[in-house]
2 protein chains.
Amino acid sequence: MFGMSIQPSPARSERRRNTLSLDVVLTEAVAILDEHGERGLTFRRLTEGLGTGPGGVYWYVQDKADLINLACDRVVANALDAVPEQPGEEPMAVLRGLALAVFDELDRHPWAGPHLTSNPGQQNTLRLLDRFGRLVTEAGLPADQQFYAASAVLNYVVGVGTQMARALSRVVGDTDREDYLAAAVARWEELDEQEFAFVRRVAGTVREHDDREQFTAGLDLLLVGIGRAGGRA
Amino acid sequence: MFGMSIQPSPARSERRRNTLSLDVVLTEAVAILDEHGERGLTFRRLTEGLGTGPGGVYWYVQDKADLINLACDRVVANALDAVPEQPGEEPMAVLRGLALAVFDELDRHPWAGPHLTSNPGQQNTLRLLDRFGRLVTEAGLPADQQFYAASAVLNYVVGVGTQMARALSRVVGDTDREDYLAAAVARWEELDEQEFAFVRRVAGTVREHDDREQFTAGLDLLLVGIGRAGGRA
DNA sequence: ACCTGAACACCGTTCAAGT
DNA sequence: ACCTGAACACCGTTCAAGT
């Protein structure tokens, strides 16, 4: 739905060239990003995979930044498509499902996370914010708190989701395939006990549980808080 | 404090070269990033400003990614230094002050935001998480919720802070200096009324208030929620 | 140990030319 | 309208050589 190309699908007959389209370009770009990471996405590799020249790509895309943004937008589109709107359902349950869909998508495409918060030009991230906002509204949150509550949820989902996705993912920037999270925790346990008192204390507990469960536990903490909150401190 | 170079400060006598140091390199890098954005940070410009060759920089830095990470780490260091630890103070008040310090620092250095969440190798971001964690603990949050509460706060502060910093900042990627936020809101108001029902409704209110105030209002919402939350949904 | 700077491989982007 | 592919300017990184 949201990931489809904007231009009308050309009649699949008559011409034998014109195998290219924004859709095809983005599919290839996402595949390369998944396999080789952000640094691995070069026009050389992209055009090789597509069987075109650079000019062909530039017909559909403004520049490399635009290409990556569009690829990110497609990732978010996947999450949105995975959880269709369900009017009448318990809003917080829907929100939780949507958050998990984003989590799963970030797990599949770990390169996308950092670009989601930073770029407001992405239509589907805005769409995601909109859905969070409507769900939070449905749940009865006062009007003047809705925007920042929705922002908080979006930031939590993307921020924590990105971190955990990188931890789970075996591909980080085309190089290391180790158990990233375990390595991080091990590093944490070597930190100074005074200076990093908190991180050292919780380092063990982070490893123990299932990541997806912890992700939603933190989300629920946020939602329960948002649902109950009445005014400012 | 946290922004200082790791290596011992060399005796400022005897040698007449050796004007370089990690500290000097990072200062110049931050200055370039502030003025020209991330794309504007090239080794050419950097070495011109420093009066060195590329090899000189590579003595202190592993590669460009490392350079940017170190620059980001210094930005967070500034925020940490701005709010020294104050045992005995009201933890939530201290947390709020620390969050605002990060906000201000992201306002000064809008390029840093996207790199903070994505990179766990940054010591000072970890330090920031640790302080949030200790403050949340002091405030009486149950042990099993502390880590994700601290993460939520960190993600809110960095995520929303980055967005607003970009909105306020006049330099975005070396080019446009328009009123970014106003433009964003104007774009929001042109969106489809059905599809973006929430964003369109709140678009007006976002513009009205003072940004810093809204930032803390959202943060307080989160903190009040965290403080009151008892269990999962 | 610290720095120089020429050299290298490569990358994003352009554009005149083709269909 | 859509695509080709050679050409260009530039960029990150290396490394033998200096002090």
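Chain A is the first sequence line, chain B the second, and so forth, proteins listed ahead of strands; every chain is numbered from 1.
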Asker: Side chain to side chain donor-acceptor pair (under 3.5 Å) with B/Arg201: which residues, sequence neighbours excluded?
Answerer: A/Thr137, A/Gln146
Asker: Where does DNA chain C pair, written as one dot-bracket string 5' to 3', with Watson-Crick or G-U pairs under 3.5 Å, ( ) inside the strand, [ ] for crossing pairs and | for another strand?
Answerer: ||.|||||...|||||.||
Asker: For the pair made of CD1 in A/Ile68 and C1' in C/dG12, what is the distance, rounded to whole Å?
Answerer: 12 Å
Asker: Who are the salt bridge (charged side-chain N to carboxylate O under 4.0 Å, His left out) partners of A/Glu48, not counting sequence neighbours?
Answerer: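 Testing A/Glu48 for salt bridge (charged side-chain N to carboxylate O under 4.0 Å, His left out), a comparison that skips the adjacent residues, returns none.
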Asker: Who pairs with A/Asp104 by side chain to side chain donor-acceptor pair (under 3.5 Å), at least two apart in sequence or on another chain?
Answerer: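 A/Asp104: side chain to side chain donor-acceptor pair (under 3.5 Å) contacts with A/Arg212.
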Asker: Is the shortest side-chain N to carboxylate O distance from B/Asp81 to B/Arg74 below 4.0 Å?
Answerer: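 No salt bridge links B/Asp81 with B/Arg74.
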Asker: Between A/Leu50 (CG) and D/dC3 (P), how many Å, whole number?
Answerer: 11 Å
Asker: Return the value, rounded to whole Å, for the distance between atom CZ of A/Arg45 and atom P of C/dG12.
Answerer: 11 Å
Asker: Taking atom P of C/dC11 as reference, at what distance in whole Å does atom CZ of A/Arg44 sit?
Answerer: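 Nearest whole value for this atom pair: 6 Å.
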Asker: Report yes if a side-chain nitrogen or oxygen of A/Arg39 is closer than 4.0 Å to either non-bridging phosphate oxygen (OP1 or OP2) of D/dC11; otherwise report no.
Answerer: no
Asker: Could you give the CG-to-P distance, from B/Leu46 to D/dT13, as a whole number of Å?
Answerer: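 In whole Å, D/dT13 P and B/Leu46 CG are 12 Å from each other.
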Asker: Do any side-chain nitrogens or oxygens of A/Trp59 fall under 4.0 Å of OP1 or OP2 in D/dC2?
Answerer: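 Looking at the OP1 and OP2 atoms of D/dC2, one of them is under 4.0 Å from a side-chain N or O of A/Trp59.
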Asker: Please report the distance, rounded to the nearest Å, between CD in A/Glu48 and C1' in D/dC3.
Answerer: 18 Å
Asker: How would you label the contact of B/Leu41 with the nucleic acid (heavy atoms, under 4.0 Å): base, sugar-phosphate, or nothing?
Answerer: sugar-phosphate
Asker: Taking only the side-chain heavy atoms of B/Tyr60 (C-beta and beyond), determine which of C/dC3, C/dG12, D/dC11 contains the nearest atom.
Answerer: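 Looking only at heavy atoms from C-beta outward on B/Tyr60, the closest nucleotide is C/dC3.
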Asker: With sequence neighbours excluded, tell me which residues meet salt bridge (charged side-chain N to carboxylate O under 4.0 Å, His left out) with B/Arg108.
Answerer: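 Only B/Glu105 meet the salt bridge (charged side-chain N to carboxylate O under 4.0 Å, His left out) criterion with B/Arg108.
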Asker: Of all the choices, D/dC3, D/dT13, C/dC3, which nucleotide is nearest to the side chain of B/Leu20 once you look at every atom?
Answerer: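 The answer is C/dC3.
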Asker: Taking the inter-plane angle between the rings of B/Phe198 and A/Phe147 on a 0 to 90° scale, is it parallel (under 30°), tilted (30 to 60°) or perpendicular (over 60°)?
Answerer: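 B/Phe198 vs A/Phe147 ring planes: parallel.
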Asker: Sequence neighbours left out, what passes side-chain contact (heavy atoms from CB on, under 4.5 Å) with A/Asp63? Give chain and number order.
Answerer: A/Ala65, A/Asp66
Asker: For A/Gly55 and for A/Phe43, find the nucleotide of DNA chain C with the closest heavy atom, then tell me which residue's nucleotide is more 5'.
Answerer: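 Closer to the 5' end of DNA chain C: A/Phe43.
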Asker: Look at A/Tyr58 and D/dC2 and indicate whether a side-chain polar atom (N or O) is within less than 4.0 Å of OP1 or OP2.
Answerer: no
Asker: Calculate the interatomic distance between A/Glu38 atom CD and C/dG12 atom P; express it in whole Å.
Answerer: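 After rounding, the gap between these two atoms is 11 Å.
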Asker: How many Å lie between CG on A/Leu67 and C1' on C/dC11, as a whole number?
Answerer: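 In whole Å, C/dC11 C1' lies 14 Å from A/Leu67 CG.
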